[in-house]
Amino acid sequence: MNVQITHLINSDKKIHAVVEKCIQCGTCSASCPLNQYMDYTPRQLIALVREGMIDEALKSRTSWLCSTCYLCAVRCPVKINIGDFMTSLKRYAIKNGYSDNLPYSKLTKTYVDLVNKYGRISETKLIITFSLKTNPLKLLKMLPLSAKLLREGILSLSLEKVKNIQEIRT
Amino acid sequence: MFKKNVSYYPGCSCSKSGLARYYGSSSLAVLKKIGVNVSEIEDWNCCGSNLYRTIDENKAYLLGARNLAKALEMGLPEILILCPACFLSLKRTLTEVFTNSTLLIEVKKKYSVFGNRTSSIPNVRHIIDFLVNDIGEDVFKKNVEKKLDGLKVAPYYGCQITRPYGLFDDPEFPTSMERIFSWIGANPIDSPLKTKCCGGMLTITNEGEVLPMIKKILESYIRLGAECIVTACPLCHLNLEIAKMKIKRTVKEISNIPIMYFTQLIGLSFNLPFNELGITKEIVEHLNKKIIVTASLRGGKNE
Amino acid sequence: MNRRIGVYICHCGLNIASVVNVEKLTEYVKELEDVVIARNYPYMCSDPGQEIIKKDIKEYNLTNVVVAACSPTMHGPTFQKACEEAGLNPYMFQMVNIREQVSWVTDDIEKATEKAKLLVSAAVNRVRFHQPLEKILVPVKQSILIVGGGIAGIEAALKIANSGKKVYIVEKEPSIGGRMAQLEKTFPTLDCAACILTPKMVEVASNPNITLITYAEVKEVSGYIGNYRVKVIKKPRYVDESKCIGCGLCAIRCPSKVPDKFNMGLNNRRAIYMMFPQAVPRKYTIDSEHCLFFTKGVCRVCEKFCPTKAVNFDQKPEEIVLEVGGIILAIGYDLFDPSVIKRYGYGRYMNVYTGLEVERLVSASGPTNGKIILRDGRTPSTIVIIHCVGSRDENYHTYCSKICCMYAMKLAHLIKERLPNSTVYELYIDIRAHGKGYEEFYRKVQEEGVIFIRGKAAEVAEVGNGRLSVIFEDTLLGRVQSIEADMVILATAAEPRKDAKELARLFRVPLDKDGFFLEKHPKLAPVSTVSKGVFVAGACQGPKDIPDSVAQGAAAASEALALLSSGVIEVEPIIAEVNKNLCSGCRICISTCPYGAAVYDAESKTATIQEVLCQGCGTCVASCPSGARTLKQRGFTDEQILGELEMILPKPKIKMKAVA
Ligand SMILES: Cc1cc2nc3c(=O)[nH]c(=O)nc-3n(C[C@H](O)[C@H](O)[C@H](O)COP(=O)(O)OP(=O)(O)OC[C@H]3O[C@@H](n4cnc5c(N)ncnc54)[C@H](O)[C@@H]3O)c2cc1C
Ligand code: SF4
Ligand code: SF4
């Protein structure tokens, strides 16, 4: 085993279980609603990690397209939670600088910043902050929907803060 | 009369300032009518959702555990949750805390109530589970004031209500919402896509890939003759609304199909005030046209 | 009695000697009270090893022998025999396990040696209280009961009957034949199942040594190896078997139609029916659940039309008691119900079938006379067969069901034979074609144009007009694909019979983790069970094809015959014993004995233990209120057990030889 795979596996026991158990049946791939956009199918991603091709696995867009709907997880014949495996890979990729420019990575960071600051989030604030960081034009595109939501009194910019915020930050 | 005390975790989306605030308010109104005594968890915080977990798993569980601890401190270990993502996060936190000894030690250190021998183990419940399995048909029927006879309702569960744990219903083919609908007179429509993914957070980052999926779901419901699409998840709801906007011009039928929270529909049959349910008059009038009226009541109290 | 004890410590190669300091142990043991000789040796169980013991018994005039080696279930009998051969009563012997319980569970030489010392000294102190016991001999009843008349049971019955011994077959259904009777052709040679099975069934019916009890189930079992007493309930057929000539005139007239279970519900039969044309016995049966007379109180049409007046609505369940020497369980298997895997749509989509259903569909005697016609009347042109449905899946059964790959390929072949222009796909994870001629069969089917795709089907969806779409990943291409098909066949797993648990309890045979009957040893005793005199054969021991089921049937028969020809069996004398002088006749032991061995003797007003029934479990001994002097367990007396404990408990008062 190369150094990288040992490191990756040790970083997360969930990855370890996946690598040990998968029988490469492809149920997960064919269950995935986003498989057609992936460069590697979920099953192939597992094979890559298992065979030590970590770099390739981390550069793949597959895990970033996982919406964690867990259809794979409830179908896998060896009870692997592939959705969690994807989350673990994403976490490892973010930590090791593989994904600094990916929108999803930015979204998670924006989210965590908001939570660390307020203890809660507001979707509106999340989307606006995120869009300003990535694609401000998109905000314009979302106007019609925003208008509808505003009209229905759903959109709101206010955000309640957790009172005992110290408990969150530590 | 049904009496029960539970704590309530609104989560960011269903809170008073969240996108799904009417999911929250309609649920509370329905529970109140049934006789459930609901207390919001004091000073709750983010559930430690999957987005947070993607950055810091341990911290995500600590965030989740703070909410559980607050419920325990209130002496209300049974926690009702509406948002499926929050439900999953807190359920997962619970499982992890009690199976991962290092985490348990950390949590006990931070929230002493966990180490307290006399406090019970928290019980995380999704509202659908609670309504179907604890409240049940008899109590429900007693509260129905206006039967939604004949209304063709399409339940859309989305993913995380039943997955990955499959706690109270089949992970792919659940039927709990259908049962509730039958109690209020509505006709559930069964689509094989009812638990297929709405794309979740990916609508924000990967709209191009995700939209076709949601469109497919919407189209399936139209084909089956849905008169109203009902969700139980803030994100599903938002994504369906987005898709509806996008296909409105090409698929005309869609503009006539309201997308609502299932508790709003229940509220309608319980004859609860529209402002609490957060439904517009147009929607109600539209739905009324579809309902085969058997009872004398038509419309809501506000009219 | 003056005790002279010999102690023998085995190295078991390095198994024991590498962890336990055998020299130190031997030196220690030599100093124990009453020990006259202690030795260690590389392999005590070997011939020379046993010789040492025999020689010492004579030379040192030993009264007791202790061997510290492996597990007594492994070599206890070996050393007992050695003692006996040297003229020592085998119950004066005791074995200590210092391998599984000491050397295999630690690397700590110091601690291991200390533990071994404790265990050996306990045994030495125990044998000081041993008394000679005599083995009990009982004659073996010269007949065998076979439960289940599938191919495994049939094979066993014929082997035993042809060697001149009596056999009873108890079969649950109205006919013997089992699953094999439902099959069309059989892999890998493709001979027709009926052609090879029917002659055997007929032979069963005509063999004078075989008593066939069909439509019957075992209700109660008592006794032990060589002497079993089995109570069987024969359900009423409402047709007198001695009168029915199988003409079928009744069924033609019967107005009540019911889904035909034998044909997997693909067509209807009548309420009065024969399971299949070659049924043995060729007798009709009334299915009382669907018979109009039984459900509505009117009809009795069959009665009128029966030319021999065989119909008898007054028949009652019949109780039959069998006394047999041994038992063979051959109840076969059930098939996994695929409707629980909702995503495959079985039960929801009309054109999703199970393998066994298709087996009936292609059968010449089946509901369509062998024509492949779908439930909606169409003839399929694209067929997808999904492997591993319910097997190799931790959500259902973890094990490989072994027969499904083969029968899936056989069905593909049969479909190709009937519909040469059809396209047949097999979606598999791995092809398991392990038997003789099986790989060749796989190649043959592939050459016939069946398309093999490596990937487990994720889901079956309906696309309209009864057509289905199967979604999977072609794992060799790494691409998610879908096939539009007219027919989907699920190769469902074999699973234990629903009543296997109940039978396991009745016959005291354990089940394995999957719920099949557990054999005594997977390699060396494949058809024996830990319940002596009870054997297993066929698919009830694990998924099996016909060749393996037949082989096991024959193997079980030879085990059973060996038992019968031994004539007598030795029963361990480790049983309970009542001291009549002290027994007050309270009868508590009688109510606690699980084997019905403790009975009340009205004459002496005391309890009596029936020697041959007692299993030596000790339950009665523990329950006797007046203590162990009244009711004692031979081989486990209080003195013996306390003697052992005295040495093991903290601060043992180790009895050392007095320094002279
Ligand atoms: C679709 C399909 C196709 C197959 N094709 C082939 C093939 O081509 N070639 C091949 O080699 N194998 C094939 N097999 C496997 C074959 O069916 C089995 O190997 C064989 O039937 C096992 O025989 P058995 O006697 O052990 O069990 P069974 O055939 O199941 O017989 C058991 C008998 O016991 C009876 N019984 C059950 N419970 C009780 C009870 N409590 N009391 C009394 N009696 C009871 C049953 O009624 C039955 O008669 C196929 C299997 C399937 C599912
Ligand atoms: S479904 Fe499970 S076993 Fe099959 S390829 Fe995916 S992870 Fe591996
Ligand atoms: S009584 Fe009638 S229904 Fe019953 S078996 Fe005879 S003919 Fe059929």
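Chain identifiers are assigned alphabetically (A, B, ...) following the order of the sequence lines, protein sequences preceding nucleic acid strands; residue numbering begins at 1 within each chain.
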Part of Asp43(B) lying under 4.5 Å from any heavy atom of chain A: both

Proximal component of Ile94(A), with respect to chain B [non-hydrogen, under 4.5 Å]: side chain

Best-contacting candidate, Lys95(A), Arg75(A), Arg120(A), against chain B by heavy atom pairs under 4.5 angstrom: Arg120(A)

Heavy-atom check, side chain of Thr41(A) versus side chain of Thr62(A), under 4.5 Å: no

Under 4.5 Å from a heavy atom of chain B, the part of Ile168(A) involved: both

Side-chain donor/acceptor of Gln264(B) to backbone N/O of Leu277(B), under 3.5 Å: yes

Top contributor to chain A interface from Ser13(B), Pro164(B), Gly11(B) [non-hydrogen pairs under 4.5 Å]: Pro164(B)

Winner by heavy-atom pair count (cut-off under 4.5 Å) against chain A, out of Gly158(B), Ser49(B), Ser15(B): Ser49(B)

Under 4.5 Å from a heavy atom of chain B, the part of Phe130(A) involved: side chain

Region of Leu88(B) that comes under 4.5 Å of a non-hydrogen atom in chain A: side chain

Residue Pro234(B) versus chain A: region with a heavy atom under 4.5 Å: neither

Which portion of Val112(A) sits near chain B, non-hydrogen atoms under 4.5 angstrom: both

No-hydrogen, no-angle side-chain donor-acceptor test under 3.5 Å, Asp169(B) and Thr162(B): no

Asn164(A), part contacting chain B, at a heavy-atom distance under 4.5 Å: both

Pairs of heavy atoms under 4.5 Å with chain A: top-ranked of Gln160(B), Lys216(B), Glu172(B): Glu172(B)

Charged N-O contact under 4.0 Å between Arg91(A) and Asp84(A): no

Part of Leu65(A) lying under 4.5 Å from any heavy atom of chain B: both

Neighbour count >12 (heavy atoms, 6.0 Å) for atom CD, Gln36(A): yes

Lys/Arg N to Asp/Glu carboxylate O, Lys246(B) vs Glu207(B), below 4.0 Å: yes

Heavy-atom proximity to chain A below 4.5 Å, by part of Arg53(B): both

Interface residue of largest heavy-atom contact number with chain A, from Asn50(B), Thr54(B), Asn45(B), under 4.5 Å: Thr54(B)

is_close_aromatic(Tyr261(B), His237(B)), centroid dist under 6.0 Å: yes

Check: Glu56(A) main-chain N/O paired with Ser60(A) side-chain donor or acceptor under 3.5 Å: no

Salt bridge (Lys or Arg N to Asp or Glu O under 4.0 Å) between Lys163(A) and Glu42(B), intermediate numbers included: CA-CA 10 Å; Lys163(A) 289 189 206 91; Glu42(B) 283 151 24; over 6 Å; no

Salt-bridge contact Lys70(B)-Glu40(B) (side-chain N to carboxylate O under 4.0 Å): no

Engaged part of Cys66(A) at the chain B interface, taking heavy atoms whose separation is under 4.5 Å: backbone

Cationic N near anionic O, under 4.0 Å, Asp113(A) to Lys109(A): no

For chain B, the option from Asn116(A), Leu89(A), Leu102(A), Ile127(A) that forms the most heavy-atom pairs under 4.5 Å: Asn116(A)

Closest non-hydrogen atom pair, Trp44(B) against Val162(A): O-CG2, 3.3 Å

Closest approach of Leu193(B) to Tyr156(B) (non-hydrogen atoms, all atoms of both residues): O-CE1, 3.8 Å

Contact origin within Leu63(B) toward chain A - heavy atom pairs under 4.5 Å: side chain

Residues of residues 195-202 of chain B near chain A, each having a heavy atom less than 4.5 Å away: Lys196(B), Cys197(B), Gly199(B), Met201(B), Leu202(B)

Atom group of Tyr104(A) that falls short of 4.5 Å from chain B, counting heavy atoms: both

Nearest heavy-atom neighbours spanning Gly48(B) and Tyr52(B): C-CB, 4.1 Å

Whether over 12 other heavy atoms sit under 6.0 Å from Arg169(A) CZ: yes

Glu167(A) portion near chain B, given a 4.5 angstrom heavy-atom threshold: both

Neighbour count >12 (heavy atoms, 6.0 Å) for atom NZ, Lys133(A): yes

